There are 2 protein chains.
Amino acid sequence: MKKDSRLSSVLHALLHMAEQGKPITSEVLAKCMCTNPVVVRRTMGLLRNAGLVTSERGHAGGWRINAELSKVTLFDLHDALGEPAFFAIGNRNENPNCLVEQSVNAALDDTLAQAEALLIARFKSVTLAQLAAEFARRHAKYRQQKD
Amino acid sequence: MKKDSRLSSVLHALLHMAEQGKPITSEVLAKCMCTNPVVVRRTMGLLRNAGLVTSERGHAGGWRINAELSKVTLFDLHDALGEPAFFAIGNRNENPNCLVEQSVNAALDDTLAQAEALLIARFKSVTLAQLAAEFARRHAKYRQQKD
DNA sequence: CTTCATGTAACTATTGTAGTTACGATTCGT
DNA sequence: ACGAATCGTAACTACAATAGTTACATGAAG
């Protein structure tokens, strides 16, 4: 299956929006992410439903962040996107009668649950503010190398 | 995307094969897993390529385990299946020029890498023998409840 | 009232497993 | 030698979810 890159997308968009004070249009975000404005609206719309961003139509319209960067975590974004599945592997049959299959499912479920718990814990611990700071570091280093 | 259930499938098949001394046909395995013999052959063929099972054609043919149960781990099976992707989420663009996107990718990559390391460690620590033992426990309990 | 934007529906493209059909290639029993 | 049982494999369809595209409606600002 094709990987879901929406979390990656919205993080990219949100950090660019954080840099700018004014609203950014779907058109600009789309160009910046090598895609189409409709895809941007569709994805950002999920964040709007969750109250994390606002959108305005017409002249000087666009998208704006509606939350403190230090209070929005990757988990919040993943949640706003509808909690897409983390894993590309899973059980063949979730409710088997076969005891063999039940044992197999239990073993895989247990392992995946641990990995998911780790992912969720990490997602909850990373904020937009931290990512913005990390970007600032990269940016400073880049400018330094350029000189 | 549809989840990859091949690891689950081959575990189920291998444990049934371990129970039986003689070869099991694709037909029987298929029935047991509610699928088609061709799907079984296709998937089990990957294990044969890795030397974990053997197949024989003709009368009294079928599939047989070709390894010690205590030496085959979930990792070995995942490897034999061609190391399918663990995750259903990922970066939009793996080699971006944009420094913002690089920061985002680095953060996600780091988190996913940790979860993947955990999965791999667990997969390496679980053997077919352990799963067979776990099944035996379930089986005993089930027979006890039935009495 | 025109232009700039978002909102949204509808359709296609993509990607990989799963399922199905068909047929070829072996092996064994008689 | 024949025929049935099995695997081997190609080719095609089904499916599911995101991504991409086209088209058009809606609303806000000048």
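In the text below, chain A, chain B and the rest are named by the order of the sequence lines, each starting its count at 1. Here the structure is a predicted model, which means the values were calculated and not measured.
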C:dG19 phosphate, OP1 or OP2: any side-chain N/O from A:R92 under 4.0 angstrom? yes
Do A:F86 and B:L74 sit in one hydrophobic cluster, given that two such residues count as connected whenever their side-chain heavy atoms are within less than 4.5 Å of each other, even indirectly? yes
Among C:dA18, D:dC7, C:dT21, find the nucleotide with the atom closest to the side chain of B:V39. C:dA18
Name the residue closer to the 5' end of DNA chain C, choosing between B:L81 and A:P37 according to the nucleotide with the nearest heavy atom. A:P37
For B:I24 and D:dA5, what is the distance between atoms CD1 and C1' respectively, to the nearest whole Å? 16 Å
Could you state the CG-P distance from B:D4 to C:dT15, rounded to the nearest angstrom? 17 Å
With clusters built from Ile, Leu, Val, Met, Phe, Trp and Tyr whose side-chain heavy atoms come within less than 4.5 Å, directly or transitively, what are the remaining members of the cluster of A:L118, listed by chain and number? B:L118
Using a 3.5 Å distance criterion without hydrogens, assess whether the side chain of B:S8 forms a donor-acceptor pair with backbone atoms of A:R92. yes
OP1 or OP2 of C:dT6 versus the side-chain N and O atoms of A:S55: is any pair under 4.0 Å? no
Length of the line joining B:L46:CG and D:dG8:C1', which is rounded to integer Å: 13 Å
Applying side-chain hydrogen bond (donor to acceptor under 3.5 Å, both in side chains) to B:W63 and B:S26, what does each step give before you reach the verdict? CA-CA 7 Å; B:W63 300 89; B:S26 304; 2.8 Å; yes
Indicate the ring-plane relationship of A:Y142 and A:H139, choosing parallel, tilted or perpendicular according to the 30° and 60° boundaries. parallel
Select from A:R6 and B:R48 the residue whose nearest nucleotide in DNA chain D is closer to the 5' end of that strand. B:R48
C:dA5 phosphate, OP1 or OP2: any side-chain N/O from A:S26 under 4.0 angstrom? no
Shared hydrophobic cluster, B:L69 / B:L52 (ILVMFWY, side-chain heavy atoms < 4.5 Å): yes
Which atom pairs, donor and acceptor, lie under 3.5 Å between side-chain atoms of residues 129-136 of chain A and protein residues at least two apart or in another chain?
residue	atom	partner	partner atom	Å
A:Q130	NE2	A:S125	O	3.4
A:E134	OE1	A:R137	NE	3.3
A:E134	OE1	A:R137	NH2	2.9
A:E134	OE2	A:R138	NE	3.2

For B:T73, check side-chain hydrogen bond (donor to acceptor under 3.5 Å, both in side chains) against everything at least two apart and list the hits. B:D76
Rounded to whole Å, CD1 of A:I89 lies from P of C:dT15 at a distance of 22 Å
What integer distance in Å separates B:N93:CG from D:dG20:P? 11 Å
Below the 4.0 Å mark, does C:dT6 have OP1 or OP2 next to a side-chain nitrogen or oxygen of A:R41? yes
Check nucleotides 11-13 of chain D against the protein and report each pair of N or O atoms closer than 3.5 Å, with its distance, or say if there are none.
residue	atom	partner	partner atom	Å
D:dA11	N6	B:R42	NH2	3.3

Does B:S5 place a side-chain N or O at less than 4.0 Å from the phosphate oxygens OP1/OP2 of C:dT17? no
Separation of A:N36 atom CG from C:dT8 atom C1', in whole Å? 13 Å
For B:F75, the ring pair (Phe, Tyr, Trp, His ring centres under 6.0 Å) test, sequence neighbours excluded, returns none
Show me the protein contacts with nucleotides 1-4 of chain C, counting only N or O atoms at under 3.5 Å.
residue	atom	partner	partner atom	Å
C:dT3	O2	A:H59	NE2	3.1

Would you indicate which nucleotide in D:dG8, C:dT14, D:dT21 comes nearest to any side-chain atom of A:K2? C:dT14
